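Structure first, then comments.
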Amino acid sequence: MASDKKEMVGYRQQPGKLDFTRPGSGGSSSISRERESDTIPESQGGDLPQPWGPHRHDDLITGRVIGKPTPLIDSKWKVTGQALYGDDIRLPGEIIGRLVRTDRHYARVLSIDASEAESLPGVLGIATGEDAPHAFGVLPVTKDEHAMAVEKVRHIGDIVACVAAEDEDTARLAANSIRIEYEDLEPIFDIKDGLKDSENPIHDRGRYHIGESNVQKRVFQRFGRVQNIEDSIASHESSWTFKGVNHGFTEPHAVVAHWDPRGRLTLYTPQQVPHYVHRALADVLEIPMHQINVYRTFVGGGFGGKSDPFPHEMCAAILARKTGRPVRITFDREEVFWTNRGRHPSKITMAIHADDEGRLSGIETDALIDGGGFASFGHVTTYYNGVLHTAPYEIGAFHYTGARVWTNKPASGAMRGHGAVNSRCAVEVGIDDISEKLGVDPIDLRLANLLPPHSATITGFRITSMGMRECLERVRAESGWDEKFRNMPLGKGIGVGCGFFISGSGLPIHWDPNKFPHATVHLKIDMDGGVTIHTGAADIGQGSDTVVAQAVAEVLGLPMDMIRIRSRESDTSPVDLGSYSSRVTFMNANAAVSAAMQIRSELISAASEITGVDEKRILIGDRRVYSKDDPSNGVSYLEALHKAQEDRGALLASGSYRTPPMGKMHKGAAAGLAPAYSFSAYVAEVDVDVETGKIKVEKVWAAHDCGKALNPLSVEGQIIGSCHMGLGQVISEEMRYGRTGNLLNPDLLGYKIPTVHEMPEVVPIIVESNDPEGPFGAKEAGEGPLLPILPAVCNAVYDAIGVRIQELPMTPDKIYRAVESTCRKGGFESPLDLPSPRLVLTSLSKTLKERGAQHSIRDKMRRLESEIGDYHNGALFGNDPETPPEELDPDWHVQVLPDEEYLEEPGLAGSAWLHTERRHRGEVE
Amino acid sequence: MAAHPLPVENGVSTRVWSASVNGKSRQIIIRDHDILLDVLRDNVGALGAKRGCDMGTCGCCSVLIDGKPKLSCMTLAVETEGCEITTVEGLADGHHLHPIQTMFSECGGSQCGFCTPGFLVVCAALLESNPSPTRKEAQDAIEGNLCRCTGYQQIVDSIMEASDIITSEERLVSTTRPASNPHPGYGG
């Protein structure tokens with residue numbers, strides 16, 4: 001290596017002049033030279049155990065790249081301006097498409113007159129809903145979107161028609177000159193109105209329609225023992241309003257569609273989920289999937305907002321087919337807000353109960369979420385609002401009612417932390433309040449109520465590794481929590497919040513879990529020695545290409561520059577479900593490891609053949625395959641490769657990953673089921689100006705358990721970036737709708753994304769719990785880190801000024817009003833006289849500290865012991881940990897349909913259950 | 001604004017726009033109302049300048065006009081007649097990247113990369129005028145640019161690292177990481 005270094009100093013990239021010795025040759029000696037001992041990788045194939053116990057991938061560690069901060073494999077493209085995003089795809093002969101968007105909230109389209117537009121010089125094609133009658137949607141159960149309005153328009157900005165013209169000016173002119181006649185229908189904007197019967201429900205779901213209402217999905221879940229709630233001594237009740245939030249990715253949607261001379265369609269699109277677009281295109285265009293190539297360009301930020309198949313993608317393909325020319329459509333920023341798919345505006349009512357031993361005896365949640373005009377991922381979101389707060393705490397009862405309604409607003413959908421963010425905020429603020437009522441430290445309360453590793457939650461999720469405790473302990477120590485909490489002067493505060501998120505969804509959206517694998521990765525290695533990875537995983541900037549390349553590089557003992565990745569085209573990539581639900585690192589790196597293992601064993605047998613060393617005693621290290629007992633006895637990687645290639649040419653391997661069978665059997669049990677879960681705990685320190693209501697978040701200590709940080713640089717980037725996005729939702733971001741239902745701020749001036757000045761210093765703390773199922777122990781780090789920042793800031797604001805705000809974003813006016821009203825009620829003349837909250841510890845505090853210490857030992861044993869017994873949620877309440885509580889305890893509910901008693905006094909979202917589905921009313925065929 | 005007016009056609013007056021883009025002089029027929037960003041992307045082919053919002057709120061379209069960072073979506077092309085314009089494509093010296101480019105790559109300053117071109121030119125201008133900024137000065141310099149991925153922290157880290165390289169007068173050794181020999185032991 002020393003010689004390599006010397007030659008590379010001052011190295012300039014000169015194509016064709018790379019100083020490889022005899023490029024492509026196999027060399028002449030069968031034994032390569034002895035290496036200096038310091039170049040032999042540290043980990044000798046599993047002799048050095050992981051700090052959290054061994055892992056099944058330990059013997060694949062070559063010490064190359066895993067765990068080292070690694071720049072993104074495509075970052076040089078990005079910093080030189082060579083990365084091509086959606087609008088950067090410029091094909092010869094391209095024309096420009098524009099979408100005709102409606103100015104009505106809700107209306108029936110009576111007629112479309114495009115004659116004026118057609119007569120404009122330079123207009124090449126016009127399409128309307130009649131050109132594409134087939135519905136599509138990201139979830140097969142709720143396909144309710146069309147390329148263009150087929151019968152009705154459902155929100156301002158809904159697409160009615162589209163035009164293609166030689167240039168953008170003509171296209172805009174043509175779009176504006178299309179005359180549309182409407183019959184206006186009564187729109188609804190208030191989320192509560194969606195629960196009522198309507199004359200014209202926004203969609204018609206046929207026999208599955210719920211009443212005549214606008215309820216798109218409703219969920220009822222009741223688990224656990226009601227008695228636990230009745231035995232509680234402290235309760236927290238809150239009623240939250242969360243405003244809608246947009247992803248705010250910097251790249252507006254853009255798409256280029258091109259039908260090649262052979263009649264195949266290539267769609268260039270910045271997509272998180274190319275495969276679903278592929279399916280939707282086939283449906284809408286009525287052509288077989290093999291006639292379509294979906295090309296994923298660089299994606300300028302996704303965060304969930306580019307994961308639906310979109311109408312504009314269909315429109316581009318339709319226009320390109322009509323005109324025979326490549327069509328490019330790029331959105332204005334305003335159109336991004338009309339397309340939305342951001343976080344659901346929500347009303348969440350939460351009750352949390354604790355008993356005299358400081359156990360969380362019950363959580364009752366009622367979440368009504370505003371879906372806007374279309375279903376999108378809403379089916380899943382409705383579940384996630386409940387089921388994703390059943391951990392990390394052991395709870396005595398869990399009652400959840402959720403409903404998602406259609407309103408005449410841009411559709412909500414999946415956004416980073418999908419469905420979990422708002423209800424998690426409510427839970428964590430509730431726990432802060434409960435601990436105040438119990439007179440205990442909120443971190444102590446949390447530490448005494450955590451589920452252990454290798455346990456099952458109340459709804460049956462399988463928890464494997466669990467670094468929650470370490471996260472809490474680390475942020476507590478590093479933030480100086482014990483000195484600061486409830487000890488700071490008025491206006492200064494500190495707060496804690498936790499998070500829990502899925503690492504990949506156990507249920508693939510489009511097929512039976514046992515039918516196809518969740519992820520597939522192909523490898524190809526030819527004589528040059530470089531490894532080409534084919535994966536369909538969509539790198540949206542999170543660094544998935546890098547992580548998959550790292551996994552392969554690690555197993556084969558190769559440096560990153562010998563790995564090439566081809567992940568863009570559906571023609572060459574195996575099917576992948578896409579970048580959502582934080583599945584990519586977990587599933588694709590697992591698939592990549594399994595593919596690389598096949599190549600690895602071929603290299604080892606080749607080396608064994610050359611050297612005569614037993615295959616079992618051979619290791620792969622830095623570009624060498626050598627004997628474990630005598631590292632000087634070995635061959636170079638290229639020698640082994642060429643030996644393996646004799647008589648057959650390039651080595652190929654295909655690896656895949658599928659989740660193991662998991663979970664319970666009740667309806668909805670698969671929602672939120674994941675092969676692993678991530679955990680996080682944040683402490684935020686804030687400065688609140690009590691007189692103006694302005695919040696400044698000063699510092700955040702952010703601990704996230706990502707299993708194993710395959711690329712710590714990316715993990716830290718994800719943690720800090722999540723803080724930024726979550727912080728926006730707490731302090732400033734909001735899709736504001738006026739009284740007449742108009743979106744008031746569809747631009748980045750009115751939609752306030754935090755700038756560098758609002759951003760606090762973030763101390764990212766990576767906790768590694770070494771997940772048994774994850775690749776090299778890894779879990780997700782992309783979405784989970786967003787969850788805790790919201791409650792941490794909310795709790796810190798309370799610590800600072802003693803006021804709880806139950807509406808996000810907490811803009812200064814809301815704080816000001818809350819402070820004013822507190823002053824009035826408390827008889828304070830000036831807000832500066834307000835008392836700062838103080839903590840008076842009760843005897844329960846000692847009990848909790850002791851239990852936390854015991855549990856800490858319990859958890860350590862559970863992760864180190866080889867034989868681990870089952871642990872079901874409920875053991876803390878006296879049930880047998882090894883048996884699901886419902887099997888032993890007749891009072892332990894597992895109920896997914898409401899009973900009559902509940903329906904007499906339903907919650908807000910729960911009232912969706914007062915409707916009867918059409919098929920059960922006997923009036924439909 | 002001594003651009004060369006051309007005859008008015010269809011009520012739109014056009015002229016020849018001359019400017020230097022990334023060191024290369026360009027003469028392009030533009031309309032008076034053409035926006036610099038459109039001219040750069042559609043006529044010059046400098047696709048590194050990105051369109052994020054069209055109203056000066058995101059900073060993705062930032063370019064250097066005579067060395068000063070400006071929002072090209074808020075600038076009429078005619079205003080830049082005779083100017084030297086630098087987009088992200090013009091930052092590297094041949095194959096040698098500007099230190100800020102290298103450090104954005106190494107320190108995680110770029111995730112999805114869409115805002116990166118705008119940040120890079122702004123940072124390059126900062127380092128030109130102030131080679132050793134404080135963290136606060138670095139933050140002030142990028143206040144007009146939005147990044148949705150990084151939370152800015154790794155961007156500021158990148159600026160500080162690049163500043164170290166520039167001030168230490170160390171020649172940045174490589175543009176890309178040294179390419180690996182797949183066949184160690186035969187390197188000579």
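Here the structure is a predicted model, which means the values were calculated and not measured. Sequence lines set the chain letters: A, B, ... in the order given, protein chains first and strands last, and positions in each chain run from 1.
Inter-residue side-chain proximity for A/Glu168 and B/Asp42 is flagged as unmet; no heavy-atom pair is nearer than 4.5 Å. Counting only heavy atoms from C-beta outward, the side chains of B/Val156 and A/Met759 never approach each other to under 4.5 Å. When side chains are defined from C-beta on, B/Asp140 counts as touching A/His757, because their heavy atoms get closer than 4.5 Å. At a threshold of 4.5 Å between non-hydrogen side-chain atoms, the residues B/Ser110 and A/Trp77 do not count as touching. With contacts defined as side-chain heavy-atom distances shorter than 4.5 Å, the pair A/Asp88/B/Arg41 qualifies. With contacts defined as side-chain heavy-atom distances shorter than 4.5 Å, the pair A/Thr250/B/Lys50 does not qualify.
Of the residues considered (B/Thr150, B/Ile155, B/Thr116), B/Thr150 shows the highest number of contacts with chain A, using heavy-atom pairs under 4.5 Å. Listed options A/Gln718, A/His247, A/Gln542 were ranked by heavy-atom pairs under 4.5 angstrom with chain B; first place goes to A/His247. When each of A/Asp74, A/Asp332, A/Asp87, A/Leu641 is scored by its heavy-atom pairs under 4.5 Å with chain B, the top score falls to A/Asp87. Ranked by heavy-atom pairs under 4.5 Å with chain B, the first of A/Gly543, A/Pro754, A/Ala254, A/Gly728 is A/Pro754. Top candidate by heavy-atom pairs under 4.5 Å with chain A, chosen from B/Cys107, B/Ser105, B/Cys147, B/Gly48, is B/Ser105. Ranked by heavy-atom pairs under 4.5 Å with chain B, the first of A/Cys723, A/Ser714, A/Gly541 is A/Gly541.
Both the backbone and the side chain of B/Leu47 come within less than 4.5 Å of a heavy atom of chain A. A/Phe303 touches chain B through its side chain: at least one heavy atom from C-beta onward sits under 4.5 Å away, while N, CA, C and O do not. Both the backbone and the side chain of B/Cys115 come within less than 4.5 Å of a heavy atom in chain A. With a 4.5 Å cut-off on non-hydrogen atoms, B/Phe114 touches chain A through its backbone and its side chain both. Contacts between A/Ile540 and chain B at a heavy-atom distance below 4.5 Å involve the backbone alone (N, CA, C, O). With a threshold of 4.5 angstrom between heavy atoms, A/Glu716 approaches chain B through its backbone and through its side chain. Only the side chain of B/Arg31 comes within contact range of chain A, with at least one heavy atom under 4.5 Å from a heavy atom of that chain. Proximity to chain B is limited to the side chain of A/Asp169, based on heavy atoms less than 4.5 angstrom apart. When heavy atoms are compared at a cutoff of 4.5 Å, A/Pro69 does not approach chain B at all. Only the backbone of A/Val299 comes within less than 4.5 Å of a heavy atom of chain B; no side-chain atom from C-beta onward does.
Using a 4.0 Å cut-off between charged side-chain N and carboxylate O, A/Glu733 and B/Arg148 make a salt bridge.
Other residues, nucleotides and ligands place no more than 12 heavy atoms under 6.0 Å from the CD atom of B/Glu128. More than 12 heavy-atom neighbours from other residues, nucleotides or ligands sit within 6.0 angstrom of CD on A/Glu94.
A/Val756 and B/Glu143 make their closest contact through CG1-CA, 3.8 Å (heavy atoms, listed as atom of the first residue, atom of the second, distance). When all heavy atoms of A/Leu748 and B/Cys58 are compared, the pair lying nearest together is CD1-CB, 3.9 Å. The shortest heavy-atom contact between A/Thr755 and B/Leu146 is CG2-CD2, 4.3 Å. Looking at every heavy atom in both residues, B/Cys112 comes nearest to A/Tyr85 through O-OH, 2.7 Å. Taking each heavy atom of A/Leu72 and B/Gln111 in turn, the nearest pair found is CD1-O, 3.8 Å. Contact record, A/Gly717 with B/Gln154: CA-OE1, 3.3 Å, taken as the closest heavy-atom pair.
A distance-only check finds no donor-acceptor pair linking the side chain of B/Gln153 to the backbone of A/Ile720 [under 3.5 Å].
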Check against side-chain contact (heavy atoms from CB on, under 4.5 Å), B/Asp54 and A/Arg333:
CA-CA 8 Å; B/Asp54 274 320; A/Arg333 178 57 61 176; over 6 Å; no
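Taking CG from A/Asp747 and CE from B/Met55, the interatomic distance works out to 4.5 Å, rounded to the nearest 0.5 Å.
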